[in-house]
Amino acid sequence: MSVLTHVRPTSRTTTYDQLTPFRQTLFDTAIADAAEAANATDYNHAQQRAAHAAGLTIPTGGEVTKCACLDCYCTAIFDTSGPGLRVIETTDYGLVLHQCATCTDDHPTPVED
Ligand SMILES: [Zn+2]
Ligand SMILES: [Zn+2]
């Protein structure tokens, strides 16, 4: 038996940089649609499209987001129900900005009140 290499707490991540320009556009469009969704059904559909564009699988009603870290140029995309994430702020539009687990480990952003 070989020894497994260290596995990060969540495997449900990718990075925006890894996506093709086409998928980046799909992802951006889906996230924008989610932000403007008039109801939960539309929101969930948009989130599923965003996850699909990023090549991630999220549960029904799940959410994906891009790391909103202010301290580096991280472009991680991840399931917001994953472990080790940090909420930076909630925008006026009700969008919750998260730092990915890696950034939370390395340089957690102070949360302003
Ligand atoms: Zn990050
Ligand atoms: Zn960071």
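Order of listing sets the numbers, starting from 1, for every ligand and every atom in it. Values below: all heavy atoms of this structure, side chains included; hydrogens, waters and symmetry mates excluded. Bear in mind the structure is a predicted one, so any value in this text is a computation, not a measurement.
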Has C69 got an N/O/S atom less than 2.8 Å from the Zn ion (ligand 1)?
->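 So C69 does not bind the Zn ion (ligand 1) by this criterion.
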
Confirm or rule out an N/O/S atom of C72, from backbone or side chain, lying less than 2.8 Å from the Zn ion (ligand 1).
->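 Within the cut-off used here (under 2.8 Å), C72 places no N, O or S atom near the Zn ion (ligand 1).
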
Flag for D28-Y16: side-chain donor and acceptor within less than 3.5 Å =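 Looking only at side-chain atoms, D28 and Y16 do form a donor-acceptor pair, the distance falling under 3.5 Å.
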
Side-chain donor-acceptor pair under 3.5 Å between D79 and S81, yes or no?
->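 Side-chain D/A pair, D79 to S81: present.
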
Taking the side chain from Q48 and the backbone from P59, do they hold a donor-acceptor pair closer than 3.5 Å?
->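 Yes.
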
Would you say Q99's side chain and T109's backbone share a donor-acceptor pair under 3.5 angstrom?
->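 Answer holds: yes.
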
To 10°, measure the SG(C74)-the Zn ion (ligand 1)-SG(C67) angle for me.
->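 That angle is 110°.
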
Hey, what's the angle at the Zn ion (ligand 1) spanning SG (C103) and SG (C100), nearest 10 degrees?
->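 Vertex at the Zn ion (ligand 1): approximately 110°.
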
Do any N/O/S atoms of H107 come under 2.8 Å of the Zn ion (ligand 2)?
->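 Of the N, O and S atoms in H107, at least one lies under 2.8 Å from the Zn ion (ligand 2), which means yes.
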
Looking at V64, T65, V87, I58, which hits side chain to side chain contact (heavy atoms under 4.5 Å, CB included) with T80?
->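 The option that passes is T65.
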
